[in-house]
Each structure stands twice: as C-alpha cells, then as structure tokens.
Amino acid sequence: MPDYKQFIFYQIYPKSFCDSNGDGFGDLQGIRQKADYLQGLGVNAVWITPCFASPGVDNGYDISDYMQIDEKMGTMADMEALIASLHKRGIAVILDFVANHTSTAHEWFAKSRKSKDNPYRDYYIWRETPPNDWQSVFGGSAWQHDGQTGEYYLHSFAIEQADLNWENAKVRQEMCDVVDFWVKKGVDGFRIDVLDMISKDWAHNKNGNGPHLQAYTRQLFDRENTRKLFTVGECWSADIQTAKDFSDGGRYGLKCVFAFHHLCVEDGKFALKKPKLSTLCARISAWQTAMQAQGVLPTLFLENHDQPRSVSRFGNDENLRYESATLLGALVLLHRGIPFLYQGQEIGLTNNKGEKIEDFNDVESHIFYRQNEGELSKNERIARINYGGRDNARYMLPWTSKKQKSWTIPYYKAKEINVEKDARADKSVAEFYRQLIALRKKEKPLYDGDYVKIDLTEKCYIFERHSEDECIRVVCNFQEETPYAGKTGRILLNNYAQFDGILRPFQVLVCKL
Ligand code: TEU
C-alpha cells in the first residue's frame, strides 16, 4: 500500500455501483467484478459507503447491525473476498463508520425504548420533553416522541436514525468494538460519518463540536491497533482554522477531514443557484494556501453520494460536457491534498431527471418536498430536487447502453453516457482522468509539491505545483474564450486537440515549465 499521502480515492456507493445478480441493486460481488477497472483507472484506494444491515431508510446510513452485511449487498464472505481482491491489486479499502446514530431497528434501540430503566436506555438521548429547538438536518424537529415511555429521543437526521449517547462509556466501547471488528477483517481505515456531531455541546445549545469530541475520536483512533489507519472525518462544521485540528494526526488523531465550504451550498443544496467556477476556484485556492501554511493535507473532491453531479453543478453538461468534466477532474487531481473521485465522475455523468416526487428515493428530498408544500409549487420543488438532490449521485452506474434493472429511476442519458461508450469515444473523459492520475503519480510537483496561486480572474485560474527544481503549471479556463500569452513550457496534457494562444471554454493545460 502506498503511504496515505499518496492515496487517490474512488468512492463507491455499493447500492448503485455494479449489480452482479441482476436484481436491480448493486452488490459486493459487483464491486469485485470491477476491481480491474478500478486498477486500470489508476486509483489506489476505495471508500465504500455503508453496506451493513439496514432497513434502508437512508440507504445504509441507518444501521441495524454494524457487523453484518446487508443481505441485498451479499455476505461477509463476499466482503472478505472483496477486501482481499482489492488488496491484491494494491488498492486500500476504507469503510464508512456511522458513529453518530443507529437505525431505530437496531437491537440497542429496541431495548432502549422499552423502559426508562432499561440497561440500554442511556445508549440513546432521551428527554421528558424537547430541551431545545434543535432541527433535524433533513428538516423538522430533531426530537421524536416515542409512545412506549412517552419520552422524546434525539434524531439529527431521519426519525428512523436515533442519535447515540456518546457520553455513555458503554456506547464508546461498543463503537470501539465495531472499529476493531473491521480492522481484524483487514480494512485500512474509515470515513467517519458526521464526526463532529458525536459530542453534543449542551452548554452552548449546539448539536456538535462538544467538549468531548477530541477524547471520543482519540479513544477510537489513537490506539495501538488503530493509530496507523487512514481516517477521514466528515465535518460540515470544519473551517480553515479548525481543519488543521482534524487533520494529520492533530488534536483529534485523524488523518484528514471532509470540509464543504468550496461546494458553495451555504444557501442550502436545493437553492437554484449555480455557483460560478471563479467562486469555486477562489475557495479551493484559499483552502490550499491556508492548509499548506498549516502543514496539513486537505481532501480534494467535488462529488460524493450526497451531492449533485459536478459537471451539472459547476460545468456545462449539455454541449461542453467533456470539456467541463475534464477541467473539473484536473481541479480535483492536480491540487495539493488527497483526491476523492466519486463513482461515475470519471465518465462525466450528469444529473438525472425526475418528473414527480415518486421518481425520487432520497429521504432528504422527500422531507424537503413535504416541508415546502405551502411555500413552493410542485414544479418548483421538483426543479430544485432535480438540481440539488442526492438521487443525482445514486442512480445505477451505467456500464453499457443496455437497459439495466434498477432500484431507482434509470439515468435518462445512459444510452449516450456510459462506461463502455466513453471508453470508445475519441474524447473519453475516463481516459483524461487516467492521464491525470498517471501524471499525479509520475510528477513530483504533483504528488509531493507545494501549491502556488498564480492568477484568478472571472475568466481563468492558474496555479502551479513546485518541488525542489520542478514546476508544473495548471491553466484552467472558465466559460469564455480567453487569450493566454503566459508560460506553457512543455504541455503535458490538454483537453483540447491544440492550444493556439486562445484558451477555449473549459480548456485546461497541464504544463511542465
Ligand atoms: O451526511 C451528513 C450530512 O449532513 C449530509 O446529509 C448533508 O447535510 C446533506 O446531504 C446535504 O444536503 C452524512 C452522510 O454522508 C449522508 O449520506 C447521511 O444521510 C447523513 O450523514 C446521515 O447519516
């Protein structure tokens, strides 16, 4: 395995990645069938989102047994074979660790809700009446009344996702046991779901970043058998100042953090507001400079299972899909940090299109649709869900043009955009990603160099990567044609057939100066 600082991740949403038995759901054997594809792309690490026993209210982020594989995904033997198969190809494997909550179908919750004096009562957060006005991330009150004892329990997400009480030492031990179980299975690390929420800050009325967060994360990951793991914490609250604490073995004992400022979703993901590429690049650049100054590695990503497709959000997914998808790939793969690609990003998949609420699976979108009935028309709500909803990342990955059985509505462009067709295309997005990844591995400024911002305007972004005596310049043009008379040195990669002094829309040049 390479050092974690050389990891190039590919995130897999197993329910939609590859369906090996034709039942319409992706599964673990399907991932194993694509191990050569992943190796061929050049990635050397995968993050698999939850595939544990779950009722599926939040597609696996509502876990009912942390040590069982969801039967629709396969068996424990399938998981063990998958880990071995990826390791054989030099690909590290990290799993999703959903620490903040379990499904209300978990046996712990079943016992906890039985009575106020049940030994498991304090595994969760119960109150006689809601002690505050905390809202669920998905909307609505975060306190749910439960008939069995007449009390309320905290759920930061769906009602079926009850927050664990990390102040209970037994809960902390249970979660350490979960980590140890998977470490023994050979996993190389974890992505920790909403890590910053596991410690509540009751004194300041905040559902996260509580006084014990550092102690809890170190209890999990600063132990003899876990210190070496690759750990990335999902922290929506992280900013440039706090990201250092969460990174590179800092105060929290983690290797890095997912922060989300660059995605420009401060107005809410359903806001119909297309961010400007210049804003995206300005935010990426600010993080690059700050994290470098603090000596930590940022994570680099534009997509995941919670976000719409980047080529639709930031690019032009109609008539400049190849150009914008490849430019966005360069932004993820050529900056300083640890890159995370999301399944299908490498072929420039776009958002999908639903017509009615029944076309969508995601609980977050359904709650948004219900909660905004009085405010927004049906068409407006559907348009917003099509624009920002999580189903855009969760339709079955189209490997060929052939219609496939699917648990979601099919991807409406599958005939035109799929792995097989892209591989044969003159302008193959995946081939460009492959070349970006190969360059990142080959060129020292890219895998180990510093970041230097050269220029950023409304039309163009130029940055360089420097190692001792080598320099790679990356010239990224936005929507319009832009004259460029700057240095190009030797052009190593270009998403257009040529460069004639005028940068074309979404043109990216990777230059060795
Ligand atoms: O996401 C945390 C989270 O807050 C996201 O749901 C995000 O706020 C939202 O998608 C933005 O619209 C993690 C997982 O990535 C997500 O899939 C889960 O639904 C959530 O936690 C609960 O486990």
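Read the numbers this way: they start at 1 and go in the same order the structure lists the ligands and their atoms.
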- Query: Among the heavy atoms of R394, does any lie under 4.0 Å from an atom of ligand 1?
  - Reply: yes

- Message: Hydrogens and angles aside, do R121 and T149 bring a side-chain donor and acceptor to less than 3.5 Å of each other?
- Response: yes

- Message: Could you check whether R127 makes a cation-pi contact with W143, meaning its NZ or CZ is under 6.0 Å from the centre of the six-membered ring and within 45° of the ring axis?
- Response: no

- Task: Give the numbers and elements of all ligand 1 atoms closer than 4.0 Å to a heavy atom of H101.
- Result: 22 (C), 23 (O)

- Item | Structural part of Q307 in contact with ligand 1, heavy atom criterion under 4.0 angstrom | neither

- Message: Does K200 qualify as a cation-pi partner of W166, given the criterion of NZ or CZ under 6.0 Å from the six-membered ring centre and within 45 degrees of its axis?
- Response: no

- Take the angle between the ring planes of F9 and F230 and call it parallel below 30°, perpendicular above 60°, tilted in between. tilted

- Item | Candidates F258, Y342, W287, Y10 - the one meeting ring-ring contact (aromatic ring centres under 6.0 Å, His included) with F301 | F258

- Is it true that the side chains of Q288 and R336 contain a donor and an acceptor less than 3.5 Å apart? no

- Item | Nearest-contact summary for atom 8 (O) of ligand 1 - protein heavy atom, Å | V137 CG1, 3.6 Å

- Query: Looking at atom 13 (C) of ligand 1, what's its closest protein heavy atom, distance included?
  - Reply: D193 OD1, 2.8 Å

- Message: Is the shortest side-chain heavy-atom distance between E234 and I192 below 4.5 Å?
- Response: no

- Note on the structure: of all protein heavy atoms, closest to atom 1 (O) of ligand 1 is E234 OE2, 3.1 Å

- Query: How close does the nearest protein non-hydrogen atom get to atom 15 (O) of ligand 1, and which residue and atom is it?
  - Reply: D306 OD2, 2.5 Å

- In this structure, atom 3 (C) of ligand 1 is nearest to the protein heavy atom W236 NE1, 3.6 Å

- Protein contact to atom 18 (C) of ligand 1 [nearest heavy atom, distance to 0.1 Å]: D58 OD2, 3.3 Å

